[in-house]
Novice: 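Pasting in a structure now, in C-alpha cells, and then I'll have a few things to ask.
Remember, it's a predicted structure, so these values are computed and weren't measured experimentally.
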Amino acid sequence: PLFSDILLAEYETITAELGDDPTDDRIVGALVTNADWTPSGARAVLALARTYGTAILRNALALAHAMHIEDGDAGF
C-alpha cells in the first residue's frame with residue numbers, strides 16, 4: 001500500500017485531539033510534537049492538505065510512488 005493504516009490512524013488521532021476548528025498554529029504544533037515534523041515541514045504539509053485535498057493528493061502520491069520519488073525536491 002502507498003501508506004499504512006497506522007499512518008492514517010496517527011494523523012486522525014492527532015487531529016481529533018485538537019478538537020473542532022483548530023488554528024493552523026495548533027495543527028503545526030501538534031505535527032511538530034506528535035509526528036516529528038519540523039515547523040516548516042508541518043506548515044508545508046498543512047498547506048498542501050488545505051490547498052489540494054485528498055482528491056488531488058492521492059493522485060500526486062500515486063504518481064510520486066510510480067516515479068520512485070520519496071522525499072522530493074523541497075528538502076523536508
Novice: With a cutoff of under 4.5 Å between side-chain heavy atoms, which Ile, Leu, Val, Met, Phe, Trp and Tyr residues group with Ile69?
Specialist: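 Its cluster mates, by chain and number, are Leu63, Met67.
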
Novice: Run through Leu7, Leu8, Thr13, Ile6 and flag the one making a side chain to side chain contact (heavy atoms under 4.5 Å, CB included) with Glu10.
Specialist: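 The side chain to side chain contact (heavy atoms under 4.5 Å, CB included) with Glu10 is passed solely by Leu7 among Leu7, Leu8, Thr13, Ile6.
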
Novice: Show which side-chain atoms of residues 16-25 pair as donor or acceptor with protein atoms under 3.5 Å away, not counting sequence neighbours.
Specialist:
| unit_1 | atom_1 | unit_2 | atom_2 | d |
| --- | --- | --- | --- | --- |
| Thr23 | OG1 | Arg26 | N | 3.1 |
| Asp24 | OD1 | Arg50 | NE | 3.0 |
| Asp24 | OD1 | Arg50 | NH2 | 2.8 |

Novice: Nearest 0.5 Å, please: how far is OG1 in Thr51 from CG in Leu57?
Specialist: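 Separation between the atoms: 9.0 Å.
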
Novice: Just to verify, what does Tyr52 make a side chain to side chain donor-acceptor pair (under 3.5 Å) with, not counting sequence neighbours?
Specialist: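 Listed in chain order: nothing, the list is empty.
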
Novice: Is any side-chain heavy atom of Trp37 closer than 4.5 Å to one of Val28?
Specialist: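 The answer is no; the side chains never approach within 4.5 Å.
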
Novice: Nearest 0.5 Å please: distance from the CG atom of Asn34 over to the CD1 atom of Ile14.
Specialist: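 The distance works out to 5.0 Å.
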
Novice: Please check if the side chain of Thr15 supplies one atom and the backbone of Glu12 the other of a donor-acceptor pair under 3.5 Å.
Specialist: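 Looks like yes, one N/O pair under 3.5 Å.
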
